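The model shown is predicted, which means the values in this text are computed figures rather than measured ones.
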Amino acid sequence: MTAPLVQLGLPAPDFTLPGVDGRNHGLSELRGHNGLLVMFICNHCPYVKAIREALVETCRELESYGIKSVAISANDPAQYPEDDFEHMKAYARAYGFGFPYLYDESQAVARAFGAVCTPDFFGYNSELLLQYRGRFDASGRHAAHGAQRELFEAMKQVAMMGDGPLEQKPSIGCAIKWR
């Protein structure tokens, strides 16, 4: 599935969700002073697995630019049991997530954002206005080693200028498993 390109400049939908760290996390506390990267991911998706180590490193690097990151899983665990909350906790530990990993059990947050696939990326500036809705890089089911770091470069630009790139390529991945 391919994520649609959307109108940039839209405000981030507000939310509060439980994290694998045992705390609830809200939009306002998650933002960095230069922006926020909201990522819809899940444990089982081969597209996420192909980039997960690079994604963890990218999020770590973006923090030095004042961009914080958050991952949200909205998949129905009845269809994919490995995407349930307990498995999310183990997954975040196993791969060293340095960002909150939140569970959207009702799927209301994913719907509010317009998320359609995993991974699906939404990059916001310091005012929490959408500046990037694109892909991580050219990776698909397999990592594209040496590919241009599209997400990193876009969010770095957002941090430095407040605006994202004019040209953005949509993310591709597994469809969110809706109830």
Q) Under the side chain to side chain contact (heavy atoms under 4.5 Å, CB included) criterion, do Phe121 and Leu37 qualify, and how do the steps go? A) CA-CA 7 Å; Phe121 300 102; Leu37 173 62; 4.3 Å; yes

Q | In one Ile/Leu/Val/Met/Phe/Trp/Tyr side-chain cluster, 4.5 Å: Met155, Leu30 | A | no

**Q.** More than 12 heavy atoms of other groups within 6.0 Å of Glu127 CD
**A.** no

Q | Over 12 foreign heavy atoms within 6.0 Å of CD, Glu105 | A | no

Q.
Side-chain heavy atoms nearer than 4.5 Å, only ILVMFWY residues, links allowed to pass through others: does that put Met39 and Phe85 together?
A. yes

Q) Considering all heavy atoms of both residues, which atom of Glu29 and which atom of Asn24 are nearest to each other, and what is their separation? A) OE2-O, 3.6 Å

Q: Look at the side chain of Asn125 and the backbone N and O of Gly162, then say whether any donor-acceptor pair between them is shorter than 3.5 Å.
A: yes

Q) Which atom pair, heavy atoms only, marks the closest approach of Gly26 to Thr16? A) CA-OG1, 3.9 Å

Q: Just do the side chain to side chain contact (heavy atoms under 4.5 Å, CB included) check on Phe15 and Phe113 with the steps written out, would you?
A: CA-CA 10 Å; Phe15 65 86; Phe113 274 83; 3.8 Å; yes

Q. Going by side-chain heavy atoms closer than 4.5 Å, which hydrophobic residues are tied to Trp178, directly or by a chain of links?
A. Ile176

**Q.** Ion pair check, Arg149 and Glu57, cut-off under 4.0 Å
**A.** no

Q | Pro46 versus Cys174, closest heavy-atom pair with distance | A | CD-SG, 3.6 Å

Q | Modelled atom types, side-chain donor and acceptor of Ser73 and Asn75, under 3.5 Å | A | no

Q. Hey, would you say the Phe40 and Phe122 ring centroids sit under 6.0 Å apart?
A. yes

Q) Where the side chain of Asn34 meets the backbone of Tyr65, is there a donor-acceptor pair that is under 3.5 Å apart? A) yes

Q. Is a donor on one side and an acceptor on the other found under 3.5 Å between the side chain of Thr118 and the backbone of Cys45?
A. no

Q) How many angstroms lie between atom CD of Gln148 and atom CD of Glu153, to the nearest 0.5 angstrom? A) 7.0 Å

(Q) I need the minimum non-hydrogen distance between Ala110 and Asp104, along with the two atoms involved. (A) N-OD2, 2.8 Å

Q. If only atom types and distance count, is the side chain of Lys177 paired as donor or acceptor with the main-chain N or O of Ala175 below 3.5 Å?
A. yes

(Q) For the OH atom of Tyr47 and the NE2 atom of His142, what is their distance to the nearest 0.5 Å? (A) 9.0 Å

Q) Do you know which of Arg135, Arg133, Lys156 makes salt bridge (Lys or Arg N to Asp or Glu O under 4.0 Å) with Glu150? A) Arg135

**Q.** Whether Gln168 side chain and Gln131 backbone form a donor-acceptor pair below 3.5 Å
**A.** yes

**Q.** Shared hydrophobic cluster for Leu10 and Leu27 (ILVMFWY, side-chain gaps under 4.5 Å)
**A.** no

Q | Beyond-backbone contact of Arg179 with Gln107, side-chain heavy atoms, under 4.5 angstrom | A | yes

Q) Do you know the tightest heavy-atom contact between Ala3 and Pro170? A) O-CB, 2.9 Å

Q) Can you name the residues that form a salt bridge (charged side-chain N to carboxylate O under 4.0 Å, His left out) with Arg111, not counting sequence neighbours? A) none

Q) Checking side chain to side chain contact (heavy atoms under 4.5 Å, CB included) for the pair Asp84/Tyr103: CA distance, chi angles, key distance, verdict? A) CA-CA 8 Å; Asp84 72 12; Tyr103 185 41; 5.6 Å; no

Q.
To check you understand the geometry: which heavy-atom pair defines the closest contact between Pro119 and Gly173, and what is its length?
A. CD-CA, 4.4 Å

Q) Is Ile41 linked to Tyr132 within one hydrophobic cluster, defined over Ile, Leu, Val, Met, Phe, Trp and Tyr using a side-chain heavy-atom separation of less than 4.5 Å? A) yes

Q. With a 3.5 Å cut-off and no angle check, do the side chains of Tyr101 and Asn43 form a donor-acceptor pair?
A. yes

Q. Could you go step by step and tell me if Val70 and Leu36 meet the side chain to side chain contact (heavy atoms under 4.5 Å, CB included) rule?
A. CA-CA 8 Å; Val70 61; Leu36 176 66; 4.2 Å; yes

